[in-house]
Amino acid sequence: ILIVGYGPAGITAAIYAARKRLSVALIGELPGGEVRNSGDIENWPGDQNTDGNTLADKLIAHLNDHKEFVTIIQTKVLNIIKEDSVFLTTTEDGKTYTSTTVIYTAGRHPRMLNVPGEAEYKNLGVTYCATCDAPLFSGKDVAVVGGGNTGAEAIIMLQKIAKKIYVLQDIDHLIADEVLVANFEKDPNVTIITNTKTTRITGDTLVTGLTYKDSTTGTETTLAVQGIFVAIGAIPNTLPVKELVKLDRMGAIETDRYGVTSIPGFFAAGDVTNIRDAQIVVAAGHGCSAALSAGDYLSRL
């Protein structure tokens, strides 16, 4: 089994495959995956309070208990093809690996605003996951950038947590489903600002403000906020397999709950798939299912 992805889904898949005494190669760039970019984590079962780096280190330590069966290759995957019954995986260093099965868990990366201050204050007030981080902003003034369903769900989550919520949308109306908007459109603590373009994020040690430009008047305004939730979508890391496996309209791999895809022997798990909930615990569970499916596939050959 060749596993692409070094995050919770990939690591879990590798642990389960190793427990079946299968030969595993895991290829990934960042040990622990995108979870390392999380700040405080309060929804990982068994750890009331942890953080991205601590959780990633624990996952890797568990994986290292299975070194006898798992080879870790720290590089970037460029392309995967299938020839007859064998998968060929090419990496950035020019090597090609062969495997009978692949479990693809490359995750996704958040779509960024690409404005000054965003990278500097990431995890210091700038976050891309309301489910993960909303509880950290209790009693604070926050901004949610994005008026789609992701943004609306973030607002609903923040209504009972934050003191004041500013919603910034780049067009003249929110595009979220009306049933979601109805939850907050009349909330006096929620201010909806349309026709905006975020221009910069400012702060000291932590975020202190967000500046936006009114696209109709050209005037700039700075909001005093302590948290900024960027909710403008995420991009699945499917470039290496976009010609191999069936993707949905958002570019995510179509898979069932067992990690089965449109290509026999090619399994996928976690945030790179069309799974509904982009959560660490869900990715880990999906990785387990994909590994069990891959093991079952091999046993039937």
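What you see below is based on every heavy atom in this structure, not just the backbone, and it leaves out hydrogens, waters and symmetry mates.
- Using a 4.5 Å cut-off on side-chain heavy atoms (C-beta onward), Arg19 and Phe69 make no contact.
- Few gaps surround CZ on Phe137; more than 12 heavy atoms of other groups in view lie less than 6.0 Å from it.
- Side chains of His286 and Thr255 form a contact here, defined as non-hydrogen atoms less than 4.5 Å apart.
- Expressed to the nearest 0.5 Å, how far CG of Leu113 lies from CG of Leu210 amounts to 8.0 Å.
- For the pairing with Tyr104, the side chain to side chain contact (heavy atoms under 4.5 Å, CB included) check across Thr273, Ile3, Val272 returns one residue only, Val272.
- Comment: Lys164 does not engage Asp187 in a salt bridge, judged by the lack of any side-chain N to carboxylate O separation of less than 4.0 angstrom.
- Val102 and Ile81 fall into different hydrophobic clusters, where Ile, Leu, Val, Met, Phe, Trp and Tyr residues are linked whenever their side-chain heavy atoms come under 4.5 Å apart, directly or through other members.
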>> Does Ile275 form a side-chain contact (heavy atoms from CB on, under 4.5 Å) with Asp277? I'd like the steps, not just the answer.
In response: CA-CA 6 Å; Ile275 194 168; Asp277 301 307; 5.9 Å; no
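- Residue Ile263 is grouped with residue Ile80 when hydrophobic side chains (ILVMFWY) are merged at heavy-atom distances under 4.5 angstrom, including chains of intermediate members.
- To the nearest 0.5 Å, atom CG of residue Asp170 and atom CD1 of residue Ile232 are 8.5 Å apart.
- Crowding of Met112 atom CE: a count of heavy atoms from other residues, nucleotides or ligands under 6.0 Å exceeding 12.
- Under the 4.5 Å side-chain criterion, counting only non-hydrogen atoms from C-beta, Gln74 is in contact with Pro31.
- When hydrophobic clusters are built by joining Ile, Leu, Val, Met, Phe, Trp and Tyr residues whose side-chain heavy atoms come closer than 4.5 Å, directly or via intermediates, Ile11 is grouped together with Trp44.
- Applying the disulfide (SG to SG under 2.5 Å) test to pairs two or more places apart or on separate chains, none has a residue in residues 201-268.
- Residues Val145 and Leu174 are members of separate hydrophobic clusters, defined by side-chain heavy-atom contacts under 4.5 angstrom among Ile, Leu, Val, Met, Phe, Trp and Tyr.
- Counting non-hydrogen atoms of other residues, nucleotides and ligands closer than 6.0 Å to NZ of Lys20 gives a total of 12 or fewer.
- No donor-acceptor pair under 3.5 Å is formed between the side chain of Thr50 and the backbone N or O of Ile41.
- Tested against Val167 for a side chain to side chain contact (heavy atoms under 4.5 Å, CB included), the candidates Thr196, Val190, Thr191 yield a single pass: Val190.
- Between the side chain of Ser293 and the main chain of Tyr258, a donor-acceptor pair closer than 3.5 Å is present.
- Between Ala231 and Val144, the closest heavy-atom pair is CB-CG1, 4.5 Å.
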>> Run the side-chain contact (heavy atoms from CB on, under 4.5 Å) test on Ile201 and Val115 for me, step by step, so that the C-alpha distance in whole Å, both residues' side-chain angles and the decisive distance to 0.1 Å come before the verdict.
In response: CA-CA 7 Å; Ile201 294 168; Val115 298; 4.3 Å; yes
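- Thr238 places a side-chain heavy atom less than 4.5 Å from the side chain of Val241.
- Distance check, rounded to the nearest 0.5 Å: CG of Leu244 to NZ of Lys82 gives 8.5 Å.
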> Do Leu2 and Phe87 pass the side-chain contact (heavy atoms from CB on, under 4.5 Å) test, and can you show the C-alpha distance, the side-chain angles, and the key distance before you say yes or no?
Replying inline: CA-CA 9 Å; Leu2 185 140; Phe87 292 94; over 6 Å; no
>> Checking Ile73 against Tyr97 for the side-chain contact (heavy atoms from CB on, under 4.5 Å) test, could you report, in this order, the C-alpha distance in whole Å, the side-chain angles of both residues, the deciding distance, and whether it holds?
In response: CA-CA 11 Å; Ile73 304 158; Tyr97 299 87; 3.6 Å; yes
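- Side chain of Thr261 to backbone of Phe266: a donor-acceptor contact under 3.5 angstrom is found.
- A 4.5 Å side-chain heavy-atom check between Gln226 and Leu206 finds every atom pair outside the cut-off.
- Without hydrogens or angle criteria, Asp84 side chain to Val86 main chain gives no donor-acceptor distance under 3.5 Å.
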Without placing hydrogens or testing angles, list every side-chain donor-acceptor pair under 3.5 Å for residues 175-184, not counting sequence neighbours.
unit_1: Asp177; atom_1: OD2; unit_2: Asn149; atom_2: ND2; d: 3.3
unit_1: Asn183; atom_1: ND2; unit_2: Val179; atom_2: O; d: 2.9
unit_1: Asn183; atom_1: ND2; unit_2: Leu180; atom_2: O; d: 3.2

>> Go through it in stages, so that I can follow the logic: the residues are Arg200 and Glu120, the test is salt bridge (Lys or Arg N to Asp or Glu O under 4.0 Å), and I'd like the CA-CA distance, side-chain angles, deciding distance and then a yes or no.
In response: CA-CA 11 Å; Arg200 67 179 177 275; Glu120 182 181 355; over 6 Å; no
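- Inspection of the Asn53 and Arg36 side chains reveals an N or O donor paired with an N or O acceptor under 3.5 Å.
- Panel note: side chain Asn237, backbone Gly107; a donor-acceptor pair is recorded below 3.5 Å.
- Rounding to the nearest 0.5 angstrom, the gap separating the OH atom in Tyr6 from the OG1 atom in Thr75 is 13.0 Å.
- Residues Met157 and Ile165 fall into different hydrophobic clusters, defined by Ile, Leu, Val, Met, Phe, Trp and Tyr side chains chained together at heavy-atom separations under 4.5 Å.
- Within the 4.5 Å cutoff, no side-chain heavy atoms of Asn43 are placed close to those of Val281.
- Across Gly139 and Lys163, no two heavy atoms sit closer than the pair O-CB, 3.5 Å.
- Thr194 contributes no side-chain N or O that, together with a main-chain N or O of His173, makes up a donor-acceptor pair within less than 3.5 Å.
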